Amino acid sequence: MRVRLVAAAALAILALAGCREGAPPAVVVIDAGEDSTPWTAHPADGVVMGLGTDAGERGRALRLDFRFTGGGWAIARRAVDLELPEDYTIRFRLRGEAPVNTLEMKLLDASGENVWWRVWRDVAWPADWTTFSARKRQIEFAWGPQGGGELRRVAAIEFAVTAGTGGQGTVWIDDLELVPREV
């Protein structure tokens, strides 16, 4: 009887150790949307833009208001210090009330001159909260003196609404997360 208990305890300990070792890496919350003060507005000339918080899916969400008087963009930027794992997904919840336009998510290195991005063109903004995601393989080098390569550390993240049809509207972003993936 005692041998069975010792064997069962040893198996339980091994199982627990295996669960911790084999457990997926933890999700990193980049921004929960509760506070807009870490975000700064960077509109193009001729674009009116405002940032704030509003009701989110749970709690608060980042609110980005824009009005295009021609072409241009409305950028919300947040400084971060984010080391990227070998493979990952960046995901966030979004809804909007706006004409069809383009959504860009940009990742900047410490120089601020090298930019990687994921672009969603002709976005018909969902009225209900919807998950948007970008896997590592979908994020491409956009421009900068580095000329390409792999981004390992992110110093800033941006969301840009760029004029497609233009107009004015509001986009809400919530629960911005880095999700490590198995290699």
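Note that this is a predicted model, so its numbers are computed, not measured.
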Below 4.5 Å, heavy atoms only, C-beta onward: do Trp39 and Ile157 meet side chain to side chain?
yes

Dump the intermediate steps for salt bridge (Lys or Arg N to Asp or Glu O under 4.0 Å) on Arg95 and Asp128, then the final yes or no.
CA-CA 6 Å; Arg95 72 181 191 89; Asp128 295 323; over 6 Å; no

With a 4.5 Å heavy-atom cut-off, do Asn101 and Thr165 have their side chains touching?
yes

Step through the shown structure and confirm whether more than 12 heavy atoms of other residues, nucleotides or ligands are within 6.0 Å of CZ on Arg121.
no

Give me the atom names and distance for the closest heavy-atom approach of Ala44 to Gly72.
CB-CA, 4.0 Å

Sub-4.5 Å side-chain heavy-atom contact between Val100 and Val123:
no

Taking all heavy atoms of Trp143 and all of Lys106, pick out the closest pair and write down the distance.
CH2-NZ, 3.9 Å

Same hydrophobic cluster for Leu178 and Val115, using side-chain heavy-atom links shorter than 4.5 Å among ILVMFWY?
no

Supply the atom-to-atom distance Glu150 CD to Ile139 CD1, rounded to the nearest 0.5 angstrom.
11.0 Å

ILVMFWY cluster, Phe159 and Leu151 together (side-chain gap under 4.5 Å)
yes

Minimum heavy-atom distance Ala76-Met49, with the two atoms named:
N-CE, 3.7 Å

If we only count heavy atoms from C-beta on, is the Glu104 to Trp73 side-chain gap below 4.5 Å?
no

Before you tell me yes or no, could you show the steps for Phe68 and Val161 under side chain to side chain contact (heavy atoms under 4.5 Å, CB included), namely the whole-Å CA-CA distance, both residues' side-chain angles and the distance that decides it to 0.1 Å?
CA-CA 10 Å; Phe68 294 113; Val161 177; 4.1 Å; yes

Counting distance only, does the side-chain N/O of Trp125 pair as donor-acceptor with the main-chain N or O of Pro99 below 3.5 Å?
yes

N/O donor-acceptor pair under 3.5 Å between Asp35 side chain and Pro38 backbone
no

Quick check on the hydrophobic clustering: are Val28 and Ile90 connected, directly or via other members, by side-chain heavy-atom contacts under 4.5 Å?
yes

Taken to the nearest 0.5 Å, the spacing of Arg60 CZ from Ser36 OG works out to 9.0 Å

Out of Arg77, Arg78, His42, which one pairs with Glu158 under the side chain to side chain donor-acceptor pair (under 3.5 Å) rule?
Arg77

Identified side chain to side chain donor-acceptor pair (under 3.5 Å) partner of Arg93 from the options Thr131, Thr130, Asp175:
Thr131

Smallest separation among heavy atoms of Gly169 and Ala98, with atom names:
CA-CB, 3.8 Å

Do Ile30 and Leu82 make a side-chain contact, defined as non-hydrogen atoms from C-beta onward lying under 4.5 Å apart?
yes

Interatomic distance, Phe92 atom CZ to Trp172 atom CH2 [nearest 0.5 angstrom]:
15.0 Å

Should Trp116 and Lys136 be marked as a side chain to side chain contact (heavy atoms under 4.5 Å, CB included) after you check the CA-CA gap, both sets of side-chain angles, and the distance that decides it?
CA-CA 10 Å; Trp116 287 256; Lys136 176 183 176 182; over 6 Å; no

Does any non-hydrogen side-chain atom of Asn114 lie less than 4.5 Å from one of Pro145?
yes

Take Glu86 and Arg181 through the test side chain to side chain contact (heavy atoms under 4.5 Å, CB included) and record every step on the way to the result.
CA-CA 8 Å; Glu86 278 299 309; Arg181 300 174 50 87; over 6 Å; no

Contact between Pro180 and Thr89 at the side-chain level, heavy atoms closer than 4.5 Å - yes or no?
no

When you compare the side chain of Leu64 with that of Thr170, does any pair of heavy atoms fall below 4.5 Å?
no

With clusters defined by side-chain heavy atoms of hydrophobic residues (ILVMFWY) lying less than 4.5 Å apart, directly or transitively, does Leu108 cluster with Leu103?
no

Rounded to the nearest 0.5 Å, what's the gap from OG1 on Thr69 to CD on Gln168? Could you check?
11.0 Å

Run the side chain to side chain contact (heavy atoms under 4.5 Å, CB included) test on Asp81 and Arg153 for me, step by step, so that the C-alpha distance in whole Å, both residues' side-chain angles and the decisive distance to 0.1 Å come before the verdict.
CA-CA 7 Å; Asp81 183 14; Arg153 184 170 291 280; 2.6 Å; yes

Tell me, with the steps shown, if Arg91 and Glu177 meet salt bridge (Lys or Arg N to Asp or Glu O under 4.0 Å).
CA-CA 5 Å; Arg91 70 180 177 209; Glu177 300 174 326; 2.8 Å; yes

Reported CG-to-CG distance for the pair Leu94 and Leu62, which is rounded to 0.5 angstrom:
10.0 Å

Taking atom types as modelled and ignoring hydrogens, do the side chains of Trp129 and Asp174 form a donor-acceptor contact shorter than 3.5 angstrom?
no

Quick check against the 3.5 Å criterion: does Glu140 have a side-chain atom that pairs as donor or acceptor with the backbone of Ala142?
no

Gap separating the CZ atom of Arg118 from the CE atom of Met105, nearest 0.5 angstrom:
8.0 Å

Treating Ile, Leu, Val, Met, Phe, Trp and Tyr as nodes and any side-chain heavy-atom pair under 4.5 angstrom as an edge, say whether Ile75 and Val47 lie in one connected cluster.
no

